[in-house]
Chemist: 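Mind looking over this structure? Questions follow.
Chain letters run A, B, ... following the sequence lines, proteins first, then strands; residues in each count from 1.
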Amino acid sequence: MTPDLRVTIAGVEFANPVMTASGCCNYGEELAQVFPLSKLGALVTKSITLKPRLGHPVPRTAETASGMLNAIGLANVGIDAFIKDKIPFLEKQKTKIIVNVAGATINEYVEVSARLADIGRVDILEINISCPNVDEGGLEFGQSPALTEKCIAGVRKVFPRPIIAKLAPNVTDITQIADAAHQGGADAFAVINSLVGTSVDIDTWRPRLTNNRGGLTGPAIKPIALAMVDKVYTKCKLPIIGIGGISTYRDVIEFLLVGATAVQVGTALFVEPDAPVKIVEGLKEYMKTKKLSHINDMIGKVRKYT
Amino acid sequence: MTPDLRVTIAGVEFANPVMTASGCCNYGEELAQVFPLSKLGALVTKSITLKPRLGHPVPRTAETASGMLNAIGLANVGIDAFIKDKIPFLEKQKTKIIVNVAGATINEYVEVSARLADIGRVDILEINISCPNVDEGGLEFGQSPALTEKCIAGVRKVFPRPIIAKLAPNVTDITQIADAAHQGGADAFAVINSLVGTSVDIDTWRPRLTNNRGGLTGPAIKPIALAMVDKVYTKCKLPIIGIGGISTYRDVIEFLLVGATAVQVGTALFVEPDAPVKIVEGLKEYMKTKKLSHINDMIGKVRKYT
Amino acid sequence: MTKPSCEDTTLVRARDLHHGYFSFTFAPYPRVAECHPGSFVHVQLTSTDIYLRRAMSVASVNTRRHELEIIFKVFGRGTAALSRFTTGSKVNILGPLGVGFSKPRSTYHPVLVAGGVGFPPLMFLAQQMIDDGMDPKNIHFFYGGRSERDLVERARIKKMGIRFYPATDDGSLGDKGLVTKSVEKFIKDHHAKERLRLYGCGPEPMLKAVDELGMQYGVAGQISLESPMPCGIGICLGCVVKLRVGGHARVCCEGPVFEIGEVVL
Amino acid sequence: MTKPSCEDTTLVRARDLHHGYFSFTFAPYPRVAECHPGSFVHVQLTSTDIYLRRAMSVASVNTRRHELEIIFKVFGRGTAALSRFTTGSKVNILGPLGVGFSKPRSTYHPVLVAGGVGFPPLMFLAQQMIDDGMDPKNIHFFYGGRSERDLVERARIKKMGIRFYPATDDGSLGDKGLVTKSVEKFIKDHHAKERLRLYGCGPEPMLKAVDELGMQYGVAGQISLESPMPCGIGICLGCVVKLRVGGHARVCCEGPVFEIGEVVL
Ligand SMILES: Cc1cc2nc3c(=O)[nH]c(=O)nc-3n(C[C@H](O)[C@H](O)[C@H](O)COP(=O)(O)OP(=O)(O)OC[C@H]3O[C@@H](n4cnc5c(N)ncnc54)[C@H](O)[C@@H]3O)c2cc1C
Ligand SMILES: Cc1cc2nc3c(=O)[nH]c(=O)nc-3n(C[C@H](O)[C@H](O)[C@H](O)COP(=O)(O)OP(=O)(O)OC[C@H]3O[C@@H](n4cnc5c(N)ncnc54)[C@H](O)[C@@H]3O)c2cc1C
Ligand SMILES: Cc1cc2nc3c(=O)[nH]c(=O)nc-3n(C[C@H](O)[C@H](O)[C@H](O)COP(=O)(O)O)c2cc1C
Ligand SMILES: Cc1cc2nc3c(=O)[nH]c(=O)nc-3n(C[C@H](O)[C@H](O)[C@H](O)COP(=O)(O)O)c2cc1C
Ligand code: FES
Ligand code: FES
């Protein structure tokens, strides 16, 4: 009996729980050269904004212990070019398409989302209220329950299909933000985006990023991400997509056990672009060995000490 | 010309900016077997509470990518045994002595601090309002500006020498907590304590810590710690002791450049117990090469992009 | 307490003992003379992507050649990384650590109970007892494992001339069943006639059984424990065990060797 | 665009070229035939404690023996870790990546300008031009470095029979001063008579000078750029450069080779 890897979030069924993380797979074209995207549960695009953005000057990435910092600065082609140049490619892919949306104002989020509402092939929106690399708002939305609710509610009005709220880890209590997003009409949470970090070159005394700071990602943050998924799963009521430092199927199982229904793979794609394929294979093998018939048999099943 | 490594915080002069971090050197006796403690700027003791504590059951540590989780649970001998059994040893050490204080209630902090006020050899108190491993308060103090101020103000009344507030990183805006501690009468900030994290054993489906979660420390968190020191240095007014993932003199220089006056070495002591000695040597060499006469020539001197 | 120090040393001999077991010899290690049976060293792995050191019991020393031997079994990431070191690799060793076994007077009949990868410190203990003048015939070495392949270095142990009692779960070698079953039978048969001393090192269930046997039959002795050990020198408090009397003890400092009946297992 | 793939390969030959330079040959690498001068591979270092891959230009290939050579200089942690790999080590290589140099027609006189560790792709380019039938005497190889010791593999380059012009800052070999000074003199002397093509690879200031020379004297050509490269395959957007026209380009995908005059340096 081959294990069943399908999961359902907000009525959308995914072939497996493994997605690519926003900003780590561009619009999918490059990864499609490495493996057929049908191997993915879903592809999540780079954050799309109203206008095209070049992002911050290089250096805008830096390596750290078991991770990296980035301050790409939401570089993207903008909604017009996205619809014109990228959607035709995405429409042909045999996987679910999640478009990540970002903005400097609530209006921008709503406008971009409204444009995407017309494109049936966009299965889900992921609202990035948590990018630490833009000055004009990004982080602040995700750090304020009121703004979070308002932003999600705005998008909710114009987008008829499911909405994922991507939460910031840089907060005192992530469940407050999660509840606000729920209140605003979100259907699921993505937990977590990157953590604010920095690094300095001790030869030049310059920050290693022209933005002076960036987002920390990779295996280094996995324990933090797991604790946040655990907390949201315990206290909040929507399905969770776990993100942070996942590079093997073993990492995925940890996320499932603490309550994630699906996961996203980010930085690991830079080291092993075919990581999602290996992860799906690994999950299958693990489930066979453990005699688990369905992914659901693991979700939230961590045996906590009492 | 040998470089001058002395730094002064709240009127106390330290031979160099390198201290051991609380909970990573017990009460100093074991490290004294490895190197003379006079090599340190200061020794910071394990958190002391009113009553002795055994802490959480093992496993209470777990390894992670470039770091570790711990949920020791403030195991310590309690204030009575500390004064009776540990102070005599500490009195003989030729380094500054910083005693870290923790408690479940503000009263407990104040009582422990009052007892330590009588012991002249205790140069400074470090108030741990940020330990993520106790249920009864710890973290919550450090996450609330009001409680932080009240706690520090309570200690301020009974302790006549300098007070360091050790801040929690698990907050939306660390500068709010810092300002509250300042308001309460703190003389300096220690930034940061560990980040909440967890890890699950995928064979047993058990958390790797009996406490279900713990504090993440080690090189993995360095970029986060640096960003927090940078933020506090930019917005707040007291001297900063930088902590988080320091294992070499290069790490220390990064912390100095973003604004730390001194630093503490924690988890690295587990891997290289003589790390502080090597770090001080490395700092001297670096300063010679860079022709810097004084540590102050580096503090806050990062050349940010504008 | 011996003062621990970090020493750069070289892997001079790597023997594959098969079935996942390896013997690594490091030299020159300046502190061999201070290593006792039950002592352990903390081996640095940061040249791989592993952050914390791994504790390894001393399996033997050659004081003249300043050689230190450890024997390990590939279990998880740490030991897997260790096993990939090749001869000539520089390895940093923190040691010598811990309080080892106390040797019995020569009138005793020591009963050594090893489970799986717990045998190295007991092999070291047997060797030192012989070196100290004990009659090898009085040393009883019980060695248990799942099956024959788990009992490595048998020839070497037998060569010491001691009495050797293998036991395997599947009966492929020696007694079939848990090694402690064989030990119990031995104690029953001998403890009235001879002054026995129990020494145990192996997995926790085995140690628990040894501990209980000792208490039940009134045979004194010691067991060597394991615990997750971030620092190995007593500064992290991560490795504690509960004592029957007197709270916690650190396995790395007060142990790893404890008296039978001392610890809550 | 060639489809990149991750391939496990073995370090079969490690040559210490001295002064911090190493030549590593990997085999079997199944995709040698798809490696072009200017192509690079992304070398995994996770068996050490380094998380991201490191980009390395292809220095040569042996298609028959499926060998791939890279040449690198120890610069920071990444290349230091790489240099510690020993023959027989398994190394994962992601490649082949990037858009390489376009070879000139045989009527041109290519002028190759290498700075320090920028020489490997140009050496590969020279070799392929010769293999394609170009007269070695028409290939001009300028090679600059701080001093003689920085100009490694000279014998190998000269053996190709091409014209070789070393230059060192300290005058210890060839012209004294920046290599681009020598190049400028050469262009001045030759660009009226011969159809030159410039090819540059080296540190950014050198590339900037080559770029300016090309534009000033109207000599077309290409330069190969470096940039921090987390992914190497176009998905992270970390490696961009600014184009004079048309916004950003990714060095890993649209480059690393760009036309002279194309990029804002
Ligand atoms: C005193 C002592 C002596 C030992 N002697 C031997 C010996 O002679 N031969 C032998 O084969 N083994 C010995 N061990 C066990 C050895 O140290 C390893 O812990 C064991 O082999 C686990 O293998 P690993 O490191 O490959 O497993 P891993 O999977 O890498 O680690 C196992 C688990 O333990 C955790 N862990 C490992 N090390 C630490 C640490 N230092 N701190 C916190 N958590 C940690 C990891 O996070 C992981 O969860 C000894 C242990 C102790 C305490
Ligand atoms: C297309 C291309 C071809 C190259 N070819 C060669 C060659 O043939 N020979 C050669 O010697 N070198 C080559 N390099 C340079 C090489 O990849 C290393 O970046 C360089 O040698 C730095 O050395 P290091 O890794 O030891 O330095 P480190 O100190 O380890 O890294 C240098 C700095 O760059 C950062 N960094 C390194 N890699 C990355 C990354 N992938 N993403 C983000 N930040 C990073 C580090 O964080 C650090 O700040 C090439 C680079 C590129 C882009
Ligand atoms: C280079 C880079 C760019 C990213 N860009 C975005 C983005 O545009 N929008 C977004 O929501 N998250 C972005 N992220 C965050 C990731 O989607 C993910 O939340 C984070 O990297 C943690 O996962 P990881 O540890 O697996 O990388 C980016 C991350 C990286 C490394
Ligand atoms: C095992 C362990 C125990 C700790 N115990 C305490 C403690 O009792 N009180 C405290 O204020 N901080 C405690 N800390 C936090 C450290 O003092 C320090 O803030 C943290 O480890 C980050 O620094 P590092 O990355 O250098 O370890 C502990 C850390 C570790 C690893
Ligand atoms: S391992 Fe740290 S106290 Fe024992
Ligand atoms: S290195 Fe990632 S896009 Fe070029």
Side-chain angles (χ1 to χ4, degrees), chain A residues 56-57 62 64-69 132 143-144 168 170-173 195-207 209-214 216 218-231 245 247 249-251 253-255 257-258 286 290 298 301-306, chain B residues 56-57 62 64-69 132 143-144 168 170-173 195-207 209-214 216 218-231 245 247 249-251 253-255 257-258 286 290 298 301-306:
Chain A
H56 298 301
T64 65
S66 296
M68 65 177 280
L69 289 164
Q143 289 185 328
S144 146
N170 309 287
V171 294
T172 306
D173 183 358
L195 284 124
V196 177
T198 193
S199 175
V200 181
D201 184 325
I202 68 163
D203 290 326
T204 62
W205 294 17
R206 281 278 193 193
L209 301 170
T210 59
N211 190 46
N212 296 320
R213 62 199 180 98
L216 181 67
I221 69 167
K222 194 185 74 172
I224 301 171
L226 279 169
M228 296 218 164
V229 169
D230 177 53
K231 198 167 170 187
S247 37
Y249 77 90
R250 292 183 297 275
D251 302 326
I253 291 163
E254 287 192 75
F255 275 91
L257 290 172
V258 297
Y286 176 88
K290 285 267 183 186
M298 292 186 272
K301 294 294 195 293
V302 59
R303 295 167 50 222
K304 289 200 188 169
Y305 293 92
T306 47
Chain B
H56 298 301
T64 65
S66 295
M68 65 178 279
L69 288 164
Q143 289 185 331
S144 146
N170 309 288
V171 294
T172 306
D173 184 357
L195 284 124
V196 177
T198 193
S199 175
V200 180
D201 184 324
I202 67 161
D203 290 326
T204 61
W205 293 17
R206 281 277 193 194
L209 301 170
T210 59
N211 189 46
N212 296 320
R213 62 199 180 98
L216 181 67
I221 71 167
K222 193 184 75 171
I224 301 172
L226 279 169
M228 295 219 166
V229 169
D230 177 53
K231 198 167 171 186
S247 37
Y249 77 90
R250 292 183 297 275
D251 301 326
I253 291 163
E254 286 191 75
F255 275 91
L257 289 172
V258 297
Y286 177 87
K290 284 268 183 185
M298 291 186 273
K301 294 294 196 292
V302 59
R303 296 167 49 222
K304 288 200 191 169
Y305 291 92
T306 47

Chemist: Could you name each residue pair satisfying salt bridge (charged side-chain N to carboxylate O under 4.0 Å, His left out) that touches residues 220-230 of chain B, not counting sequence neighbours?
Modeler: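 Qualifying pairs, neighbours excluded: B:K222-B:D251, B:K222-B:E254, B:D230-B:K304.
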Chemist: Distance from A:D203 atom CG to B:Y286 atom OH, nearest 0.5 Å?
Modeler: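 The CG atom of A:D203 sits 6.5 Å away from the OH atom of B:Y286.
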Chemist: Based on non-hydrogen pairs under 4.5 Å, which of B:D201, B:I202, B:L226 is most in contact with chain A?
Modeler: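 Of the options given, most contacts go to B:I202.
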Chemist: Can you check whether A:R303's main-chain N or O pairs, donor with acceptor, with B:R206's side chain at less than 3.5 Å?
Modeler: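 Present.
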Chemist: Do you know which of A:T210, A:I253, A:T306, A:I221 has the most heavy-atom pairs with chain B at a distance under 4.5 angstrom?
Modeler: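 Highest number of pairs under 4.5 Å: A:T210.
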Chemist: Find the one option among B:P219, B:P57, B:A227 whose heavy-atom pairs under 4.5 Å with chain A are most numerous.
Modeler: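 Max contact count across the listed options: B:A227.
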Chemist: Rounded to the nearest 0.5 Å, how far does CG of B:N170 lie from CD1 of A:I224?
Modeler: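 If we round to the nearest 0.5 Å, A:I224:CD1 and B:N170:CG are 8.0 Å apart.
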Chemist: Atom OG in A:S199, atom CG in B:L257: separation rounded to 0.5 Å?
Modeler: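 If I round to the nearest 0.5 Å, the distance is 10.5 Å.
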Chemist: For B:L209, is it the side chain, the backbone, both, or neither that has a heavy atom closer than 4.5 Å to a heavy atom of chain A?
Modeler: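 Backbone only.
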Chemist: Which atoms form the tightest heavy-atom contact between B:T172 and A:V171, and what is the distance?
Modeler: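 So the two residues come closest at OG1-CA, 3.2 Å.
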Chemist: Sort B:V229 into side chain, backbone, both or neither according to what part of it lies under 4.5 angstrom from a heavy atom of chain A.
Modeler: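 Nothing of B:V229, per the 4.5 Å heavy-atom cut-off to chain A.
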Chemist: If I measure from the heavy atoms of chain B, does A:M298 come under 4.5 Å with its side chain, its backbone, both, or neither?
Modeler: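 A:M298 touches chain B through backbone and side-chain heavy atoms alike.
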Chemist: With sequence neighbours left out, write down each residue that passes salt bridge (Lys or Arg N to Asp or Glu O under 4.0 Å) with A:D173, or none if nothing qualifies.
Modeler: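 Testing A:D173 for salt bridge (Lys or Arg N to Asp or Glu O under 4.0 Å), a comparison that skips the adjacent residues, returns A:K231.
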Chemist: Please classify the contact of B:T64 with chain A as side chain, backbone, both or neither, using a heavy-atom distance under 4.5 Å.
Modeler: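 Just its side chain gets close to chain A.
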Chemist: With a 4.5 angstrom heavy-atom cut-off, could you sort out which part of B:L69 is near chain A: side chain, backbone, both or neither?
Modeler: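 Side chain only.
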Chemist: Would you mind telling me which of B:P207, B:A220, B:A65 has the largest number of heavy-atom pairs within less than 4.5 Å of chain A?
Modeler: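 Heavy-atom pairs under 4.5 Å are most numerous for B:P207.
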